[in-house]
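Position 1 is the first residue of the sequence, and the numbers go up from there. Note that the coordinates shown come from a computational prediction; the quantities given were computed from them, not determined experimentally. Every heavy atom of this structure was used, including side-chain atoms; hydrogens, water molecules and symmetry mates were not.
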Amino acid sequence: MPPHSPHGITYDSYRPVVMGRNGMVCSGHPLASQAGIAMLQKGGNFADAALATAAALNVVEPLMSGVGGDGFIMVYRRDTDRLEVSNGTGAAPYAATRDRYLPDGIPMKGIMSVSVPGLVNSWLDVHEKHGHLSLAECFAPAIDLAANGFPVTHVLSRAIASDPLLCQFPTSQAVFAPGGTPLQPGQICLQRDLARTFQAIVDGGREAFYQGEIARAIVQFSEEQGGLLSLQDLADCRARWQDAISTTYHGHTVYEAPPNSSGHVLLQELNLVEEFDLKSLGCNTAESIHLMVEAKKLAFIDREAFVADPDYIDVPIEGLLSKDYARDRARLIDPERAAYDARAGNPWAYQSAQPTGRPAKVGAGQEQEDTTCFVVVDGQGNAICQLQSIQSAWGSSLIAGETGILLNNRMTYWHLEENHVDCLEPGKRVRHTMNPVMVFRNSDTSGNGAGRQLSLVLGTPGADTQVQTNLQVISHVLDFGMTVAEAVEAPRWRNTQNPTESYVPHTCSDELLVESRFSDETLEGLRQRGHVLNVMGGWDATGSEVMIQVDQENGALHGAADPRRDGYAVGY
């Protein structure tokens with residue numbers, strides 16, 4: 001029976017698959033996607049489009065990301081077949097000792113929740129290495145949107161009204177709630193201070209942000225508010241280039257960012273579910289969802305035990321991604337019963353290099369998720385998957401003086417327990433939930449990625465939801481043949497698992513959040529397996545998935561963006 005939706009092919013879809021031949025940008029806001037496409041249309045490439053999109057999102061989706069935060073950028077160049085990740089995550093300030101936050105803990109908002117913003121370094125590193133157009137050309141759309149304004153969407157208006165501190169703190173209120181009244185849908189949001197900050201970056205590069213006028217303004221604001229940021233924190237901040245990590249899944253190789261990203265969790269989940277025949281169990285059935293949820297639990301408890309900043313601890317990434325390790329761990333999954341006592345495994349038994357003890361601290365000075373995600377593929381087959389974040393919605397809720405910069409609240413990911421693998425230390429980078437994803441179809445059977453062809457570029461915001469949503473949409477496309485639009489619109493679930501949540505206080509109820517669009521049969525089957533369900537509205541899952549599929553045979557690009565927020569795919 002055909003789906004009862006206007007654009008569904010095999011499954012329901014309420015938006016069409018957007019198709020193009022010369023380029024595709026899928027982001028959290030149509031104006032940002034248009035900014036990226038404009039760079040491609042004027043002769044720029046994927047890196048130019050990515051920078052324009054990233055800066056525009058800072059303006060039109062301000063609650064999610066910006067230069068006051070951090071991020072990961074996965075970059076693929078088709079001409080060299082090179083895939084790498086720019087890690088633009090900032091460290092804890094040098095003054096951010098554990099004792100400074102005891103006994104009250106880390107606040108969710110305000111100046112003490114702010115860590116060093118690392119995103120601008122990654123923006124400029126990627127552009128310097130791969131971009132064609134000038135910084136002035138790439139920043140032009142964002143500067144125009146900030147200086148001359150844009151209409152506030154219904155989603156953005158609701159988000160402004162939901163944050164009391166944003167609407168009360170003087171510099172933030174002046175932009176988003178003038179006179180104390182949150183901006184309403186259709187009103188024009190002006191961010192002229194932010195436009196001047198962007199222009200300063202265009203004129204002065206990274207030095208302007210990390211050592212010059214912007215740095216001094218940020219630190220002065222932090223000191224006035226009783227915060228911890230120093231000029232040394234900013235001057236020592238660097239991004240770094242890293243090799244991606246990967247696993248294979250049904251004839252494809254899936255690539256992720258390495259630690260301090262949580263990208264390994266998605267790869268572990270795929271390894272675990274590959275031990276079962278999901279396709280035979282059916283799409284979004286109780287049987288297939290149950291197995292995915294149980295795989296998620298095992299991967300998350302391993303993250304809790306083994307993963308933090310690899311400059312400070314040994315991370316057994318080879319063991320965590322071992323197919324043999326997954327095979328042994330998969331035996332713990334009961335197809336008929338939900339587990340509530342998941343325990344970490346021993347990935348070191350599957351690791352060729354054993355732990356050497358605590359490595360020497362590298363520290364920020366020696367270095368070379370709310371969140372948004374966007375994806376770009378240009379006409380030459382080059383691609384970027386980029387996540388950038390100021391942590392939770394609106395970050396700290398504080399605009400730093402006259403810079404127009406919303407500062408992050410990334411400190412809220414730290415643990416304060418002395419024996420925890422991700423315990424706060426000055427200069428250390430916290431474990432992140434952001435994870436950019438690319439999937440390649442293997443043209444041989446060696447399983448080593450040789451002869452690979454780019455197939456999917458995808459990602460989502462949503463903290464710990466990210467690796468769960470990415471697991472679902474990858475399975476939707478590779479196992480069940482969904483279009484990208486069907487995949488991002490399909491009903492979703494999210495498991496919360498005590499005590500593995502990234503946000504302070506890191507504890508939560510053990511339950512399975514499910515959108516109400518799942519069938520009654522599926523929901524009842526999950527309950528019978530022991531899952532405690534929290535049934536949400538039909539479109540209430542966290543996240544805003546974006547996805548591009550590359551048709552290597554015809555040269556077409558298929559794009560989709562999640563209707564749960566303001567996301568849009570634009571191609572040409």
Okay, side chain of [X], backbone of [Y]: is any donor-acceptor separation there less than 3.5 Å?
| X | Y | value |
| --- | --- | --- |
| E501 | P499 | no |
| T371 | P461 | no |
| S172 | I399 | yes |
| N58 | V67 | yes |
| E486 | T10 | yes |
| H531 | R527 | no |
| S122 | G88 | yes |
| H29 | L31 | yes |
| Q388 | T372 | no |
| S475 | Q472 | no |

Taking atom types as modelled, find out whether [X] and [Y] have a side-chain donor-acceptor pair closer than 3.5 angstrom.
| X | Y | value |
| --- | --- | --- |
| T247 | N271 | yes |
| S262 | N435 | no |
| E515 | W539 | no |
| T522 | T285 | no |
| Q268 | H264 | yes |
| N408 | S115 | yes |
| S544 | R564 | no |
| T89 | N260 | yes |
| N409 | S392 | yes |

Do [X] and [Y] have side-chain heavy atoms sitting under 4.5 Å apart?
| X | Y | answer |
| --- | --- | --- |
| N534 | L512 | no |
| I111 | L398 | yes |
| L478 | V439 | yes |
| L291 | L281 | yes |
| M536 | V514 | no |
| S86 | R240 | no |
| R410 | V116 | no |
| L526 | H290 | yes |

Taking 4.0 angstrom as the limit, do [X] and [Y] come out as a salt bridge?
| X | Y | answer |
| --- | --- | --- |
| E489 | R517 | no |
| E545 | R492 | no |
| R429 | D309 | yes |
| D302 | R329 | yes |

With a 6.0 Å cut-off on ring centres, are [X] and [Y] close enough?
| X | Y | result |
| --- | --- | --- |
| Y255 | Y76 | no |
| F72 | H432 | yes |
| W493 | F518 | no |

Applying side chain to side chain contact (heavy atoms under 4.5 Å, CB included) to M112 and M411, what does each step give before you reach the verdict? CA-CA 8 Å; M112 288 296 286; M411 292 299 293; over 6 Å; no
Interatomic distance, [X] atom [atom1] to [Y] atom [atom2] [nearest 0.5 angstrom]:
| X | Y | atom1 | atom2 | answer |
| --- | --- | --- | --- | --- |
| I106 | S113 | CD1 | OG | 9.5 Å |
| F176 | L63 | CZ | CG | 8.5 Å |
| Y11 | N284 | OH | CG | 8.5 Å |
| K428 | L424 | NZ | CG | 8.0 Å |
| M74 | Q242 | CE | CD | 10.0 Å |
| L407 | S396 | CG | OG | 5.0 Å |

If every non-hydrogen atom of [X] is compared with every non-hydrogen atom of [Y], which pair is closest and at what distance?
| X | Y | result |
| --- | --- | --- |
| L458 | I474 | CD1-CG1, 3.9 Å |
| A35 | A52 | O-CB, 3.7 Å |
| I548 | C26 | CG1-SG, 3.6 Å |
| P62 | L406 | O-CD1, 3.6 Å |
| A56 | A142 | N-CB, 3.7 Å |
| A50 | I384 | CB-CD1, 3.6 Å |

When you measure from the centre of the six-membered ring of [Y], is the NZ or CZ of [X] under 6.0 Å away and within 45° of the axis?
| X | Y | result |
| --- | --- | --- |
| R15 | Y568 | yes |
| R303 | F306 | no |
| K109 | F169 | no |

Tell me whether the rings of H420 and H415 are parallel (<30°), tilted (30 to 60°) or perpendicular (>60°). parallel
Working note: Y101 + W414, criterion ring-ring contact (aromatic ring centres under 6.0 Å, His included); need CA distance, chi angles, decisive distance, verdict. CA-CA 11 Å; Y101 288 94; W414 286 111; 9.9 Å; no
Run the numbers on M547 and V473 for side chain to side chain contact (heavy atoms under 4.5 Å, CB included), then give the verdict. CA-CA 9 Å; M547 181 183 286; V473 297; 3.6 Å; yes
T507/N498 under side-chain hydrogen bond (donor to acceptor under 3.5 Å, both in side chains): CA gap, chis, key distance, verdict: CA-CA 5 Å; T507 55; N498 192 53; 4.6 Å; no
Could you go through the side chain to side chain contact (heavy atoms under 4.5 Å, CB included) check for H506 and Y413 one step at a time? CA-CA 8 Å; H506 308 294; Y413 264 17; 5.5 Å; no
Passes side-chain hydrogen bond (donor to acceptor under 3.5 Å, both in side chains), S33 versus S27? Steps please. CA-CA 6 Å; S33 296; S27 82; 2.8 Å; yes
L278 vs M292, test: side chain to side chain contact (heavy atoms under 4.5 Å, CB included). Steps then yes/no. CA-CA 9 Å; L278 285 184; M292 298 171 93; 4.3 Å; yes
